[in-house]
Amino acid sequence: MENAGSARGYLTARDAGLVNCTTCGRVHPASDTVCLRCGAALASRDTKSLQKVWAWWVAGIIAFIPANTYPMLKTATLGKESESTLLGGIVELVHHGSIGIAAIVFFASIIIPTSKFFAVAYLALGIGRPSRLSAHRRHQVYEVVEFVGRWSMIDVFVVAILTALVQLGSAASIHPGIAAVSFALSVAFTMLSAQSFDPRQIWDADKEHTK
């Protein structure tokens, strides 16, 4: 069958009159409304996908601000207390010569979260307007965002480990600051934003823009 999809070298399930169950993966005719295998509701597209994406995206941005302005760690050593923000901790690592560790923390805590915000926003905005990247490239961007999401909690893991290990009574202790909670929430919200995005809309938009 010749159509817009096959003319570009690929045929989508919607073009073929099919819909798959997002729960178990079984493929059904587009006229079916309930999965014959698991009983889940069938829908060719999530019509509220972009609303969910932007809602979680904004929540992630809001949580990311205090994550970078408030203390990540609160350290008490021999009665002397000190606080360290995310960027302040990176500067301290560089000052003490731990440039490699500082680079890893900077990349995982600043570069990756910021890049994810831009990538998710780019994908969502690309649904309603033509994009310079092909649909295949945009889908690859989505896959990368999904993959790196699990590695964005490195700061929270470090804070949790330090808090558990360094508890020496009045000699020394480490406690997480409000930024640790904010950073964890920001990462979680960004992951939910990416997971709410329906990548099938990339191909739908590509078909609409090439008509």
Side-chain angles (χ1 to χ4, degrees), residues 5 10-16 18-28 30 32-35 37-68 86 107-157 179-210:
Y10 62 84
L11 180 66
T12 65
R14 173 180 278 187
D15 294 333
L18 301 172
V19 60
N20 78 299
C21 175
T22 56
T23 302
C24 69
R26 177 168 178 173
V27 178
H28 299 73
D32 290 357
T33 58
V34 178
C35 178
R37 175 186 291 167
C38 66
L42 297 176
S44 179
R45 298 293 184 271
D46 183 357
T47 57
K48 297 182 180 180
S49 172
L50 290 182
Q51 298 178 21
K52 299 175 185 176
V53 168
W54 286 118
W56 288 121
W57 188 87
V58 171
I61 287 286
I62 293 174
F64 191 64
I65 296 174
N68 286 273
L86 186 57
F107 184 77
S109 306
I110 304 297
I111 300 299
I112 289 181
T114 304
S115 299
K116 285 177 60 180
F117 283 124
F118 279 108
V120 171
Y122 174 78
L123 292 173
L125 292 173
I127 298 301
R129 65 188 67 180
S131 174
R132 294 182 179 181
L133 291 181
S134 66
H136 180 65
R137 292 298 183 188
R138 279 178 283 158
H139 194 89
Q140 288 180 327
V141 171
Y142 171 77
E143 293 293 338
V144 170
V145 171
E146 280 279 89
F147 176 77
V148 301
R150 71 196 71 178
W151 302 104
S152 301
M153 284 285 194
I154 185 171
D155 283 57
V156 180
F157 292 153
V181 178
S182 299
F183 190 84
L185 288 174
S186 178
V187 172
F189 291 153
T190 310
M191 292 176 64
L192 289 171
S193 178
Q195 291 176 358
S196 299
F197 183 79
D198 188 348
R200 296 172 296 183
Q201 294 186 11
I202 295 176
W203 305 98
D204 295 340
D206 182 62
K207 181 172 67 175
E208 291 294 327
H209 296 151
T210 54

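Here, residue 1 is the first one in the sequence, and each next residue gets the next number. No hydrogens, no waters, no symmetry mates; every other heavy atom, side chains included, goes into these values.
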Measuring only between side-chain heavy atoms, which start at C-beta, is L18 closer than 4.5 Å to H28? no

Do other residues, nucleotides or ligands put more than 12 heavy atoms under 6.0 Å from F107 CZ? no

Can you list the residues that meet the side chain to side chain contact (heavy atoms under 4.5 Å, CB included) rule with V34, with sequence neighbours excluded? none

Check: F189 main-chain N/O paired with S193 side-chain donor or acceptor under 3.5 Å: no

Suppose we screen for side chain to side chain contact (heavy atoms under 4.5 Å, CB included). Which residues come up paired with Q140, at least two apart in sequence or across chains? H136, R137

List for me each residue that meets side-chain hydrogen bond (donor to acceptor under 3.5 Å, both in side chains) alongside H139, sequence neighbours excluded, and say none if there are none. E143

Can you list every salt bridge (charged side-chain N to carboxylate O under 4.0 Å, His left out) pair that touches residues 182-192, not counting sequence neighbours? none

Taking the side chain as every heavy atom from C-beta outward, state whether V120 and V53 have any pair of such atoms under 4.5 Å apart. yes

Under 3.5 Å, side chain of T190 to main-chain N/O of S186, donor-acceptor pair present? yes

Heavy-atom pair of closest approach, residues R138 and G126: NH1-O, 3.8 Å

Is the shortest side-chain heavy-atom distance between E146 and Q195 below 4.5 Å? yes

Report the C-alpha separation of L42 and T33 in whole Å, then their side-chain angles, then the decisive distance to 0.1 Å, and conclude whether the side-chain contact (heavy atoms from CB on, under 4.5 Å) test is met. CA-CA 5 Å; L42 297 176; T33 58; 5.6 Å; no

Please output the side-chain donor-acceptor pairs of residues 54-68 that fall under 3.5 Å, not counting sequence neighbours, one pair per line with the distance.
| unit_1 | atom_1 | unit_2 | atom_2 | d |
| --- | --- | --- | --- | --- |
| W57 | NE1 | F117 | O | 2.9 |
| N68 | ND2 | F64 | O | 2.8 |

Contacts of V181 meeting side chain to side chain contact (heavy atoms under 4.5 Å, CB included) (sequence neighbours excluded), chain-then-number -> L185

Look up atom CZ in F197 and atom OG in S49, then write down how far apart they are to the nearest 0.5 Å. 6.5 Å

Taking all atoms of both residues into account, what is the closest heavy-atom pair of A194 and Y142, and its distance? O-CE1, 3.3 Å

Quick note, salt bridge (charged side-chain N to carboxylate O under 4.0 Å, His left out) partners involving residues 117-127, not counting sequence neighbours, are none

Return the set of residues passing salt bridge (Lys or Arg N to Asp or Glu O under 4.0 Å) with K52 (not counting sequence neighbours), or none when no residue passes. D46

Which heavy-atom pair separates A30 from V19 by the least distance, and what is that distance? CA-CG1, 3.9 Å

So, taking the atom named CG in L50 and the one named CD in Q201, what distance separates them when rounded to the nearest 0.5 Å? 4.5 Å

If the condition is side-chain hydrogen bond (donor to acceptor under 3.5 Å, both in side chains), which residues does R26 pass it with, not counting sequence neighbours? none

